[in-house]
Novice: 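Structure incoming, see below.
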Amino acid sequence: MRMKKTKSPDSGATLYSRIYAAVRKIPKGRVSTYGRIARLVKAPGPRVVGYAMAALPEGSSVPWQRVVNHKGEISLRKGGSGEIRQRRLLEAEGVEFKLRGRINLKIYGWPDP
DNA sequence: CTTTTGACGCGTA
DNA sequence: CTACGCGCCAAAA
């Protein structure tokens, strides 16, 4: 990790750390969106959240799978087979998928109201 | 050092 | 519902 000194001094935690922490807070059987987390951690942009997820290694303690885009569907690079893997994990948690692999954020969206 | 791309969100048409 | 554009920042080339 690069300890780069950005002009935004955080309260000790780095931006990525906050993102990971927020994702960890997502309850089981729920999903959140990049923008939602971006605001929770005060990220400058939702892209940074997605980028942080992409940088996550497998086996990380971060349930990045619970993070979906504002459309309610799984987003990952190139729409490869990873999408299927994610979906399977979410279904195992109790998340129900609509057609086209979309999730009803109205129900599974987090945080609630 | 510069340029391009990217697990995005949202307003507006 | 789709389509287009803008904004935001970081990492890779």
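In the text below, chain A, chain B and the rest are named by the order of the sequence lines, each starting its count at 1.
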Novice: CZ/Arg47(A) to OH/Tyr34(A) distance, rounded to the nearest 0.5 angstrom?
Specialist: 12.0 Å

Novice: When you measure from every atom of DNA chain B, which of residues 51-64 of chain A have a heavy atom less than 4.0 Å away?
Specialist: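 Per residue number, the list reads Met53(A), Ala54(A), Trp64(A).
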
Novice: In whole Å, what is the span from the CD1 atom of Ile19(A) to the C1' atom of dA7(B)?
Specialist: 12 Å

Novice: Would you check if Glu93(A) and Tyr108(A) make a side-chain contact, meaning some heavy-atom pair closer than 4.5 Å?
Specialist: no

Novice: Applying salt bridge (Lys or Arg N to Asp or Glu O under 4.0 Å), name anything that partners Arg30(A), two or more places apart in sequence or on another chain.
Specialist: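 Result, salt bridge (Lys or Arg N to Asp or Glu O under 4.0 Å) vs Arg30(A): none returned.
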
Novice: Can you check nucleotides 9-13 of chain B for protein contacts, nitrogen or oxygen pairs under 3.5 Å, and list what you find?
Specialist:
| unit_1 | atom_1 | unit_2 | atom_2 | d |
| --- | --- | --- | --- | --- |
| dG9(B) | OP1 | His70(A) | N | 2.9 |
| dG9(B) | OP2 | His70(A) | N | 2.8 |

Novice: Under a 3.5 Å distance rule, please check whether Ser32(A) uses its side chain to pair with a backbone N or O of Trp110(A) as donor and acceptor.
Specialist: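 At least one qualifying donor-acceptor pair exists.
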
Novice: Quickly, which of Ile107(A), Asn104(A), Leu90(A) forms a side-chain contact (heavy atoms from CB on, under 4.5 Å) with Val95(A)? Name it, please.
Specialist: Leu90(A)

Novice: Got a donor-acceptor contact below 3.5 angstrom from the Tyr20(A) side chain to the Leu56(A) backbone?
Specialist: no

Novice: Is the backbone of Ile26(A) close enough, under 3.5 Å, to the side chain of Arg66(A) for a donor and an acceptor to pair up by distance?
Specialist: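 Such a contact is found between Arg66(A) side chain and Ile26(A) backbone.
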
Novice: Would you classify Arg66(A) as touching base, sugar-phosphate or nothing, given that sugar-phosphate means primed atoms plus P, OP1 and OP2, and contacts are heavy atoms under 4.0 Å?
Specialist: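 If one applies the 4.0 Å heavy-atom cut-off, Arg66(A) turns out to touch nothing in the nucleic acid.
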
Novice: How close or far is atom C1' of dA7(B) from atom OH of Tyr20(A), stated in whole angstroms?
Specialist: 12 Å

Novice: Nearest whole Å is fine: how far is dC9(C) P from Ile37(A) CD1?
Specialist: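 Ile37(A) atom CD1 is separated from dC9(C) atom P by 19 Å.
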
Novice: Considering non-hydrogen atoms only, spot the tightest contact between Val62(A) and Met53(A) and give its length.
Specialist: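 Nearest heavy atoms, Val62(A) then Met53(A): CG1-CE, 4.5 Å.
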
